[in-house]
Amino acid sequence: MTTVLAPLLLINIGQLVTLRDAGPQLGPRRGASLSELGIIQDAAVLCLGGKIVSIGATKDALRDPWLKKNRKKVVEIDCVGRVVLPGFVDSHTHPVFTQPRLVDFEKRISGASYEEIAAAHGGIRSSIEGVRKATKAALAQRVSAALADFASHGTTTVEAKSGYGLSLDSEVKSLEAIRLAARAWPGTVVSTFLGAHVVPPEYRGRSQEYVDLVCKEMIPAIAKRKLAQFVDVFCDRGAFSAAETMQIFAAAKEHHLAVRGHVGQLSETRLGPLLGYDPASLDHMDYVNDADLSALAASCTVATFVPGANYFLGLGRYPNARHFLESGVAVALATDYNPGSSPTLSMPMAMSLACTHMKMSPAEAIAAATVNGAWALRVANRKGTVEAGKDADLALLDVRDYREIPYWFGSNRCALTIANGVASGPLHAGEKT
Ligand SMILES: [Zn+2]
C-alpha cells in the first residue's frame, strides 16, 4: 500500500464517470437521470487540498498555466486508459461487531430460516455479548480494519451504525469506537445510532420499556455528545412496530437528529406515516405496498436496496427495483455490511447483484452506488460526483469500460482510492512521484 499526501493529477483516464449535474432538478437521481453518467473520455482530474479543482480532457489539463508552473509539486498518476469514478458511497453498514457468525451461517445452509436462527438465540442477539464485553479500543480496531477494507474496494464514504450494544453504555461505546476509527481514516464516516435494532434479551416481552429507554435516555445522551448524525430503527416483524418506530423518530427529531429506517425486509410496513418524519432513507424494501410508491417518489427519501443480504440469506426474492425506478423513486445501493446477513464490503458486488437479480442497468447501479448514496446520507453537496469544488473522493478501477465494474463479480478491480485527497492502493508502475 502506498499513501500519498500531495496535489494529485490523474491523466489519461479512459472513461471519467463524473455523474455531474444531470439537469435543473435538484435532489437525488430518479428515472432516466439515473443513467446519465456524464462520461468524459481521455480525461484528467486535478485535486488540491482534498478538493477536486478541475476536470476535463487530458490535453487541456496539461496546458493549464498553473499546472505548467507547479508540475514538479504535483503527484501525477497515469491512469493508462482505465476508468475513474466517484468513490463509492456505502450508505448502510454495521461495522461494530467482534466475530463472524459462523454457526448461523452453517445453520442457514442446513435449512434454518432467519427467524428460526433468531429464536435459537442466534442472529443479531448473538453479536450483542461480544460487543458488550469488548473494550472501546478493541471495537475501534475492528472498525478501522473494516474501513481500510472498504477503501481497498473503492469506497470513500461509509455510513456506520451502532446496534449490537443495546444498552446505553454499549451503544455509546460503539459510537465512540466509530468516531475513533473515523478520525484515523482518510475517508468520510457518517454515524448512525441504531439502538432500536432488536429488543435486547433482558427486555424480552417488555419492548415498550426498551423503546422508552431508547427515546428518553439513549437518544438524549447521544445527541448531547454529538455521536451520531442519524437515528435508525429496524421496523419489521420480530423487531419494532411502526408505532414504536414513529415514537423513536419523534424523539430523534426532538433532539435534532435526522432519521432513517430498516423497512420491509421481512414483512410489509405502510410507508405513509413514516414519511411524515422525512427519513433520509428507507432501506431493504423487499416488501412494499405498491400504493406507497407514489408517495415515496414524491418525497426526498431514498429507497436503499441491499441485495448482498438477499444473496447471503439465500433468498430467491429481491426487491422489485424496476417498479421503484419506473415509479420515479430515488434508489441507492449499499452493502449492509454486517456479520449475520451480509458480510461483504464490496460495492461492486452489490452493484453486480443489482444488475443480475434486480435488472438495474450498469449505469443505474453506478448512480445508485455513488450520487444517490450521497443523497441518502445528505452529503450530496460534497460527495457522490466528480465536479470542481467537491471532495477529492475517487476510485480508479482496473477496467476500460464502466460496465465491467458490475460484470467482473467477486473480484476486486480497484487499483487506487483517493479519499479527501489522500491516495491509497496498489499504485501501478506508470505512476510518477
Ligand atoms: Zn442493516
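As the structure lists them, so they are numbered: ligands from 1, and atoms in each ligand from 1.
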Looking at Tyr337 versus Phe97, is the centre-to-centre ring distance below 6.0 Å? yes
For the Zn ion (ligand 1), which protein N/O/S atoms are closer than 2.8 Å? His92 NE2, His94 NE2, His262 NE2, Asp336 OD1
Compare every heavy atom of Gly163 with every heavy atom of Ile124, then report the nearest pair and how far apart it is. CG2-O, 4.4 Å
Check the orientation of His284 and His92. Use parallel for under 30°, tilted for 30 to 60°, and perpendicular for over 60°. perpendicular
Within the side chain of Ser299, is there an N or O that forms a donor-acceptor pair under 3.5 Å with the backbone of Thr301? yes
Could you tell me which non-hydrogen atom of Ala297 sits nearest to which non-hydrogen atom of Ser327, and how far apart they are? CB-O, 3.1 Å
Between Asp90 and Thr335, a side-chain donor and acceptor under 3.5 Å: yes
